[in-house]
Amino acid sequence: MNNLDLVVKEKKQVKETGLGDLPGTHKNIVMRFAPNPSGPLHIGHARAAIPNNEFVKKYKGKLILRIEDTDPKRIYEPAYDMILKDLKWLDINPDEIFYQSDRFEIYYEYAKKLIEINGAYMCTCDGGDFKKLKDESKECPCRNNSVDKNLEMWEEFSSMNEGEAVLRVKTDINHKNPAIRDWVAMRIVKDKHPRLGEKYKIYPMMNFSVAIDDHLMALTHVLRGKDHLANSEKQKYLYDHFKWNVPEFIHYGRLKMEDIALSTSKALEGIENGTYSGWDDPRLGTLRAIAKRGIQKETITELITEIGIKMSDSAISWKKIYGLNRNILEEKSNRYFFVPKPVKIAIKGYDDGLKIIERPLHSDYLERGNRHLKFDKEVYISEYDFTNGITRLMDAVNIDIEENSVKYNSKSFEEARDLKARIIQWVPSEDNIKTKIIMDDASVVEGLCEADCKNLKVGDIVQFERFGFARLDEIKDEELVFYFAHK
RNA sequence: GCUCCGGUGGUGUAGUCCGGCCAAUCAUUUUGGCCUUUCGAGCCGAAGACUCGGGUUCGAAUCCCGGCCGGAGCACCA
């Protein structure tokens with residue numbers, strides 16, 4: 001059925017929300033997220049994982065998680081578990097999980113097949129020599145070895161040393177992009193692999209294992225960064241040799257995150273030398289760091305979905321993330337008082353005695369109830385607010401700060417308004433809790449929060465009035481530790 | 001250097017394939033007002049963009065050519 005009218009309508013009138021449509025087939029979609037286990041997931045991974053997941057949901061397809069651990073030099077063992085946890089945080093639940101390190105025999109099988117159909121050859125050239133020839137579109141001497149000779153060498157491959165030989169895929173030696181010409185499929189690696197030990201010596205290159213797996217796992221769409229553009233081109237030669245259908249390759253642009261230029265290896269270095277407190281240090285761009293600060297997974301999903309899968313690069317600011325996150329937190333988070341850098345003040349002239357002040361947990365949702373603060377002559381306010389002028393202590397009284405003396409002024413809000421008093425938060429002098437807030441630059445703000453915060457649980461996100469949103473991370477004996485999210 | 005890919009307000013996007021409905025969407029941001037016992041939210045308003053130059057055309061963000069700018073790749077990493 002070819003409904004042109006509908007197509008036109010859709011194009012012109014329906015505003016695309018989300019990721020739009022996938023090219024090619026929309027039936028039995030299979031997509032994958034294929035990280036290298038070199039560390040926990042960061043925003044860049046989310047940029048790959050989320051669209052895959054969203055498309056699979058949209059078309060009711062299948063999502064595969066494939067751990068690409070074919071380079072023992074680049075494996076950080078804890079990452080195997082971290083990746084699973086991070087995906088779970090994103091609420092991405094793959095239908096199947098594969099480890100490439102389980103699949104070496106498969107790669108060998110296809111490597112041998114490829115040799116048999118004369119699609120690959122064993123190459124003993126020195127890397128530099130090969131490059132020189134390749135750059136001039138010249139075949140290396142090994143390229144014309146017979147299939148039998150190649151098979152023979154293939155059998156001996158595993159007893160060779162690193163660098164002695166590689167298996168190369170035949171592409172087009174005259175390809176205008178030198179990068180595409182006769183790429184390496186297999187090489188010798190003698191490192192110990194965390195999951196395989198020293199069982200195998202012959203390791204597949206990413207381009208080989210990826211293409212074989214994408215085919216065997218029946219991928220319909222391969223979504224990856226545009227840094228893989230040349231790799232897609234390379235892999236097409238493999239598909240051609242085997243006469244396989246090529247999946248839809250989709251490439252997305254780079255994501256530049258303001259402030260976090262940190263690579264996984266740099267982050268690891270910083271963790272090991274103590275610069276960072278761990279993989280969830282608030283300065284890092286890992287998902288666990290973001291989560292610890294109270295950034296919601298929905299925020300990340302929304303952000304990545306909005307960026308979409310276009311080829312041009314995107315630069316994302318924290319402001320953008322905070323704006324999206326605030327939309328979610330605003331409703332969720334109850335309000336409390338927190339006083340940074342507290343100073344105790346005594347209000348001269350106040351002698352009404354102890355009062356219990358009630359204030360809603362959330363002024364838009366009064367049904368959530370109230371919190372209670374004991375108010376009397378002495379309270380804590382922030383040093384930042386301890387400046388001259390008429391000041392209202394929220395829901396309590398109006399005071400007049402003059403140099404170092406604090407005088408009672410009046411009681412009602414109306415009077416405060418007439419006096420154009422600023423309105424500040426405060427904390428009772430007796431009933432309060434020591435509080436520490438880890439800021440986004442890892443600095444620490446110490447202060448006091450109101451006693452009702454004792455009802456909070458780890459993971460709760462609150463809004464400290466006039467301070468910002470923060471997530472309760474730890475409850476110590478005498479102290480609460482929060483991570484600051486944003487204003 | 002070679003190969004490839006991009007370029008819409010400060011930022012992120014829609015529109016580009018199939019030119020007219022685009023004096024360009026939505027979000028974020030900044031900002032004025034109202035409201036509010038924080039901030040934010042809400043409501044009403046404002047600011048701000050088609051990289052440049054040619055060409056094709058009655059008509060160009062959209063097609064063509066060139067420049068400029070930006071990015072990626074050029075591994076026995078993924």
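- For A/Gln463 and B/C39, a side-chain-to-base donor-acceptor distance below 3.5 Å is present, hydrogens and geometry of angles not being considered.
- If you check every strand for non-hydrogen atoms under 4.0 Å, A/Gln425 touches nothing.
- A salt bridge between A/Arg103 and A/Asp213 is present, with a side-chain N of the basic residue lying under 4.0 Å from a carboxylate O of the acidic one.
- Counting heavy atoms from C-beta outward, A/Phe482 and A/Val462 have side chains that approach closer than 4.5 Å.
- Close to B/U36, at under 4.0 Å from its OP1 or OP2, lies no side-chain N or O of A/Ser363.
- Taking atom CG of A/Asp21 as the reference point, atom C1' of B/G15 lies 15 Å away to the nearest angstrom.
- Atom name P, nucleotides B/C68 and B/C52: the rounded distance is 15 Å, in whole Å.
- Among residue pairs with one or both ends in residues 164-186 of chain A, none qualify as ring pair (Phe, Tyr, Trp, His ring centres under 6.0 Å); sequence neighbours excluded.
- Using modelled atom types, one finds a donor on one side chain and an acceptor on the other under 3.5 Å when comparing A/Trp279 with A/Tyr76.
- Out of B/A75, B/G40, B/U13, the shortest distance to the side chain of A/Arg335 is found at B/G40.
- Between the OH atom of A/Tyr365 and the P atom of B/G40 there is a distance of 17 Å, given to the nearest Å.
- Taking atom C1' on both B/G67 and B/C74, the two are 25 Å apart, rounded to the nearest angstrom.
- The distance from atom CD1 of A/Ile83 to atom P of B/A78 is 14 Å, rounded to the nearest whole Å.
- Counting only distance, with no hydrogens or angles, the side chain of A/His193 and the backbone of A/Thr70 share no donor-acceptor pair below 3.5 Å.
- The base-pairing partner of B/A60, taking Watson-Crick or G-U wobble contacts with both distances under 3.5 Å, does not exist among the strands shown.
- For B/G40, the base has a donor-acceptor partner in the side chain of A/Asp364 [N/O atoms by modelled type, under 3.5 angstrom].
- Rounded to a whole angstrom, the distance from the C1' atom of B/U51 to that of B/U16 is 16 Å.
- Comparing A/Ala396 and A/Asn231, the nucleotide of RNA chain B nearest to each residue sits closer to the 5' end for A/Ala396.
- At least one side-chain nitrogen or oxygen of A/Arg187 sits closer than 4.0 Å to the OP1 or OP2 atom of B/C77.
- Taking atom C1' on both B/C63 and B/G20, the two are 14 Å apart, rounded to the nearest angstrom.
- In this model, the phosphate group of B/A78 is approached by a side-chain N or O of A/Thr70 to a distance below 4.0 Å at OP1 or OP2.
- In terms of phosphate contacts, A/Arg422 brings no side-chain nitrogen or oxygen within less than 4.0 Å of OP1 or OP2 of B/C39.
- Listed here is the closest heavy atom pair of A/His221 and A/Pro23: CE1-O, 2.5 Å.
- Spacing between B/G10 and B/U30 at atom P, rounded to whole Å, works out to 15 Å.
- Put simply, OH on A/Tyr80 is 12 Å from P on B/A78, counting in whole angstrom units.
- In this structure, A/Tyr350 and A/Tyr408 have tilted ring planes: the angle between them lies in the 30° to 60° band.
- In a base pair of the Watson-Crick type (N1 to N3 plus N6-O4 or O6-N4) or a G-U wobble (N1-O2 and O6-N3), with each distance short of 3.5 Å, B/G70 is matched with B/C5.
- At a threshold of 4.0 angstrom between heavy atoms, the contacts of A/Val184 are confined to the sugar-phosphate backbone, with no base atom among them.
- Here B/U36 sits opposite no nucleotide as a Watson-Crick or G-U wobble pair (both hydrogen-bonding atom distances under 3.5 Å).
- When each of A/Arg335, A/Glu330, A/His362 is paired with A/Gln463, the side-chain hydrogen bond (donor to acceptor under 3.5 Å, both in side chains) condition holds for A/Arg335 and for no other.
- Across B/U3, B/C76, B/A75, the shortest atom-to-atom separation from the side chain of A/Pro178 is found for B/U3.
- Pair assignment for B/A78: none, as no Watson-Crick or G-U wobble contacts are both less than 3.5 Å.
- Of the side-chain N and O atoms in A/Lys73, none sit less than 4.0 angstrom from OP1 or OP2 of B/C77.
- Straight-line distance from the NZ atom of A/Lys176 to the C1' atom of B/C74: 15 Å, rounded to whole Å.
- When the C1' atom is compared between B/G55 and B/G19, the two are found 15 Å apart, to the nearest whole Å.
- At a threshold of 4.0 angstrom between heavy atoms, the contacts of A/Arg74 include nucleobase atoms, whether or not backbone atoms are also involved.
- Rounded to whole angstrom, the span from the CD atom of A/Glu306 across to the P atom of B/A27 amounts to 10 Å.
- Rounded to an integer number of Å, the gap from NZ of A/Lys234 to C1' of B/U3 is 12 Å.
- Among the atoms of the strands shown, only primed sugar atoms or phosphate atoms (P, OP1, OP2) are found under 4.0 Å from some heavy atom of A/Asp71.
- Between A/Tyr108 and A/Tyr200, the gap from one ring centroid to the other is short of 6.0 Å.
- Salt bridge annotation for A/Arg47-A/Glu54: absent, with no cationic side-chain nitrogen under 4.0 angstrom from a carboxylate oxygen.
- The same atom, P, is picked in B/C65 and in B/A27; the two are 37 Å apart, to the nearest Å.
- Residues of residues 203-217 of chain A having a heavy atom closer than 4.0 Å to RNA chain B, listed by number: A/Pro204, A/Met205, A/Met206.
- Under 4.0 angstrom from either OP1 or OP2 of B/U11 there lies no side-chain N or O belonging to A/Lys319.
- When rounded to the nearest whole Å, the span between CH2 of A/Trp318 and P of B/U28 equals 19 Å.
- We find that A/Asp376 and A/Lys355 are not joined by a salt bridge, their nearest charged nitrogen and carboxylate oxygen being 4.0 Å or further apart.
- Counting non-hydrogen atoms under 4.0 angstrom, A/Met311 reaches the backbone sugars and phosphates but no base.
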Name the pairs: protein N/O against N/O of nucleotides 68-72 of chain B, kept only if under 3.5 Å.
{"from": "B/G71", "atom 1": "O2'", "to": "A/Asp313", "atom 2": "OD2", "distance (Å)": "3.1"}
{"from": "B/A72", "atom 1": "OP1", "to": "A/Arg254", "atom 2": "NH1", "distance (Å)": "2.9"}

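- Donor-acceptor pairing under 3.5 Å is recorded for the side chains of A/His372 and A/Glu358.
- In terms of heavy atoms, A/Ser232 sits closest to A/His251 at OG-NE2, 2.6 Å.
- Closest contact between the side chain of A/Arg392 and the listed nucleotides B/G12, B/U37, B/A75 involves B/U37.
- Remark: B/C17 base-pairs with no nucleotide; criterion is Watson-Crick or G-U wobble with both hydrogen-bond distances under 3.5 Å.
- Between A/Asp135 and A/Lys131 there is a salt bridge, since at least one side-chain N of the basic residue sits less than 4.0 Å from a carboxylate O of the acidic one.
- Annotation: of the two residues near RNA chain B, A/Glu162 and A/Phe413, the 5′-most nearest-nucleotide partner is A/Phe413.
- The pairing partner recorded for B/G48 is none, the criterion being a Watson-Crick or G-U wobble arrangement whose two distances lie under 3.5 angstrom.
- Here, B/U29 and B/G9 have their C1' atoms 11 Å apart, quoted to the whole Å.
- At the heavy-atom level, A/Lys320 lies under 4.0 Å from base atoms of the strands shown.
- Across all strands, A/Ser38 comes closer than 4.0 Å to no nucleic acid atom at all (heavy-atom distances).
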